[in-house]
Amino acid sequence: MNYKNKTFRRLAALIVAVGLLSIVFVCVQKFMPTSERMPSDTYFGFAEGTTEPSLGVEGETVAAVVVDDYIAQERALIVSGNVYIDYTLVQSTLNSRFYWDSSEAVMLFTTADQVFEIPVNSSAYTIDGESFDAGYEIVKTTSSGMFLAMNFLQQYSNLHFETYESPARVVITTGSETVTVAEVKKDGVVRYRGGIKSAILTDVTAGDTVTVLEQLENWTQIVTADGYIGYIKSNNLINIEETVRDTYYQADYSSISLDGRVSLVFHQINYTAMNDNLSEDIASVSGVNVISPTWYYLSDNSGNILSYASASYVEEAHAAGLQVWALVSNFSDDVSTSTLLATRSSRQTVQNYLIAQALELGFDGINIDFEGIAQESGYDYVQFLRELSILCRKNGIILSVDVPVPTEYSTQYNRKELGIVCDYVIMMGYDEHYSGSDAGSVASMDFEETGIQNMLLEIAKEKVISAIPFYSRLWYTETLSDGTTNVTSEVVTMSEAQEILSDAGVTSTYDESTGQQYAEWTASDGRLCQIWLEDADSVAARAAFISEYELGGIAAWRLGYETDDVWSAITGSIS
């Protein structure tokens with residue numbers, strides 16, 4: 001019995017010991033950091049530690065690209081020591097002023113006062129007809145696409161780049177950004193995720209400077225100088241502070257502006273003889289310093305223009321103390337704006353004609369009113385304005401452009417870039433409801449103010465002009481026999497609107513939701529009639545936004561739609 005008891009006790013002790021060792025082993029495993037490393041090739045997206053042969057050919061190295069805080073999906077090529085970046089990445093992220101002109105198979109680059117012409121697979125390029133040689137191919141084409149030399153790009157872009165090996169990668173840092181940086185306290189590691197069980201990406205050394213992306217309680221996401229984006233223990237970072245990255249390059253876009261605020265009224269000219277009515281049309285006008293006649297109309301895809309311009313009109317306007325900003329529009333069924341803008345020769349035909357007209361007739365500015373720009377044509381539209389801005393800048397001509405109220409559907413207008421290259425950007429604060437839409441206000445106060453606020457997110461306030469409507473829409477809603485409704489509308493002037501209300505025997509009331517006077521009634525034919533009125537009060541309310549947001553000015557569509565009492569409100573807005 002004693003022998004059996006001893007054996008049992010020993011066996012039990014052994015089992016306990018094994019159990020304790022297992023517990024210890026589990027605890028050690030749980031709390032011990034892993035030493036597993038993620039292969040750098042895998043991290044930067046190279047399969048099994050190799051480059052991707054579909055991109056490179058003999059003598060070329062394919063490199064990963066890191067831009068600030070992310071690894072780009074596009075690749076770079078390194079050829080004879082020169083780094084080339086995928087043009088898609090250049091255009092979308094690094095410098096959108098490099099523009100591939102497919103109509104002439106040439107890369108264009110516009111500065112504030114020059115246009116570079118850069119042929120593919122060549123070291124030569126021209127600036128305004130003068131030839132230069134970079135000593136290396138600037139634009140390189142391969143079966144994988146088009147690439148732009150980083151050395152050339154860096155000269156004209158607010159960025160800096162470094163290259164690293166094992167694996168090959170290009171680390172690009174954009175300038176002028178406010179970032180948080182920190183110093184590494186002691187030698188350590190950067191892990192793929194926050195946690196000691198996450199794979200190690202790379203090592204860091206005491207004194208290294210890293211960029212901080214996100215600070216958590218125990219782990220901080222950082223970017224190392226050589227392009228690894230991962231996590232480090234928060235207690236291993238010291239001297240955490242905000243700083244502004246170096247400005248590597250700053251384009252100098254000077255602007256022409258009026259001494260005070262702009263107060264502009266659009267003047268619709270449908271035929272040449274209408275110019276003779278200027279004196280009569282502005283007889284009651286006050287508080288205006290710019291008039292914009294609708295003189296020019298694109299007439300075909302080659303850039304030819306129908307003109308109703310008049311030198312005597314300019315002289316008469318100047319005598320009345322008004323600048324003249326001639327308007328050119330794209331309202332023609334014979335014109336494909338997309339086709340015209342995508343063709344360099346057509347763009348130049350328009351640009352050169354307008355400049356020649358300004359110099360010949362003596363008007364002060366050009367107003368571009370190209371509406372309905374297709375999403376895919378924004379690229380060409382902005383290039384047209386970049387090129388035109390150079391000619392305007394050289395000749396002392398003010399360049400303004402009309403754009404719709406910012407929405408998610410109008411990003412193609414690239415208001416931020418227009419606010420740099422143009423002197424003024426005019427927000428067309430109307431068409432909240434339009435012909436073909438449901439019934440509603442042409443421009444409610446919330447619509448107008450929200451539009452201004454969103455414009456100011458992208459454009460300097462002194463360049464923003466808020467355009468307001470002098471017209472209303474009278475809406476008719478007809479109930480059809482099948483129970484559906486048919487909604488139509490017509491544009492009415494301020495005085496016409498008052499006559500319509502008087503004839504209908506109705507009085508408007510204030511509509512708090514739109515900040516306007518509103519009226520509705522049933523017509524003799526059974527149709528529901530509705531109108532949100534534009535009047536002196538609505539003009540005054542909109543004009544108040546000019547001072548409140550310190551805008552560059554106000555504009556109105558259009559002369560002749562107003563009643564005389566609106567001008568006192570306009571006058572106050574620019575004082």
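Under the side chain to side chain donor-acceptor pair (under 3.5 Å) criterion, S410 pairs with T407, R415, sequence neighbours left out. Not counting sequence neighbours, R473 has no partner by the salt bridge (Lys or Arg N to Asp or Glu O under 4.0 Å) test. Residues satisfying the side chain to side chain donor-acceptor pair (under 3.5 Å) test with K461, not counting sequence neighbours, are E550. Partners of Y125 by side chain to side chain donor-acceptor pair (under 3.5 Å), not counting sequence neighbours: none found. A search for side chain to side chain contact (heavy atoms under 4.5 Å, CB included) contacts involving A326 returns W295, Y296, F363, not counting sequence neighbours. Take D482 and apply the salt bridge (Lys or Arg N to Asp or Glu O under 4.0 Å) test, not counting sequence neighbours, and it matches no residue. For T294, the side chain to side chain donor-acceptor pair (under 3.5 Å) partners are Y297, not counting sequence neighbours. Partners of D68 under the salt bridge (Lys or Arg N to Asp or Glu O under 4.0 Å) rule, at least two apart in sequence or in another chain, are R245.
Judged purely by atom type and a 3.5 angstrom limit, W475 uses its side chain to pair as donor or acceptor with the backbone of G440. At distances below 3.5 Å, at least one donor-acceptor pair connects side-chain atoms of H433 with backbone N or O atoms of S441. At distances below 3.5 Å, at least one donor-acceptor pair connects side-chain atoms of S157 with backbone N or O atoms of L153.
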Name every donor-acceptor pair, under 3.5 Å, that has one atom in a side chain of residues 503-510 and the other anywhere in the protein, sequence neighbours excluded.
residue: S508; atom: OG; partner: Q517; partner atom: OE1; Å: 2.9

Sequence neighbours left out, cut at 3.5 Å: what donor-acceptor pairs do the side chains of residues 341-348 make with other protein atoms?
residue: T343; atom: OG1; partner: T339; partner atom: O; Å: 3.0
residue: R344; atom: NH1; partner: E117; partner atom: OE2; Å: 3.2
residue: R344; atom: NH2; partner: E117; partner atom: OE2; Å: 3.2
residue: S346; atom: OG; partner: N301; partner atom: O; Å: 2.9
residue: R347; atom: NE; partner: E387; partner atom: OE1; Å: 3.0
residue: R347; atom: NH1; partner: Y99; partner atom: OH; Å: 3.2
residue: R347; atom: NH1; partner: L341; partner atom: O; Å: 2.9
residue: R347; atom: NH2; partner: D101; partner atom: OD2; Å: 2.8
residue: R347; atom: NH2; partner: E387; partner atom: OE2; Å: 3.0

Give the table of side-chain donor-acceptor pairs shorter than 3.5 Å for residues 249-263, with sequence neighbours excluded, one pair per line with atom names and distance.
residue: S255; atom: OG; partner: K463; partner atom: NZ; Å: 2.8
residue: R261; atom: NE; partner: L551; partner atom: O; Å: 2.9
residue: S263; atom: OG; partner: G287; partner atom: O; Å: 2.6

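Of all heavy-atom pairs spanning V566 and A536, the tightest one is CG1-CA, 4.1 Å. Across all their heavy atoms, A320 and I282 have their closest contact at CB-CD1, 4.0 Å.
No hydrogens or angles considered: a donor-acceptor pair under 3.5 Å links the side chains of Y313 and H267.
Within the 4.5 Å cutoff, side-chain heavy atoms of I366 are placed close to those of I355. Annotation: side chain of T243 is not in contact with side chain of T178 (no heavy-atom distance under 4.5 Å). At a threshold of 4.5 Å between non-hydrogen side-chain atoms, the residues Y156 and R97 do not count as touching.
The residue from W100, Y87, F116 that alone fulfils the ring pair (Phe, Tyr, Trp, His ring centres under 6.0 Å) condition with F109 is F116.
Classification of the Y381-F370 ring pair by plane angle, with boundaries at 30° and 60°, yields tilted.
Residue pairs meeting the salt bridge (charged side-chain N to carboxylate O under 4.0 Å, His left out) criterion with at least one member in residues 390-407, sequence neighbours excluded, are D128-K394.
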Walk me through it: do E490 and Y476 pass the test side chain to side chain donor-acceptor pair (under 3.5 Å)? CA-CA 9 Å; E490 62 176 303; Y476 302 98; 2.5 Å; yes
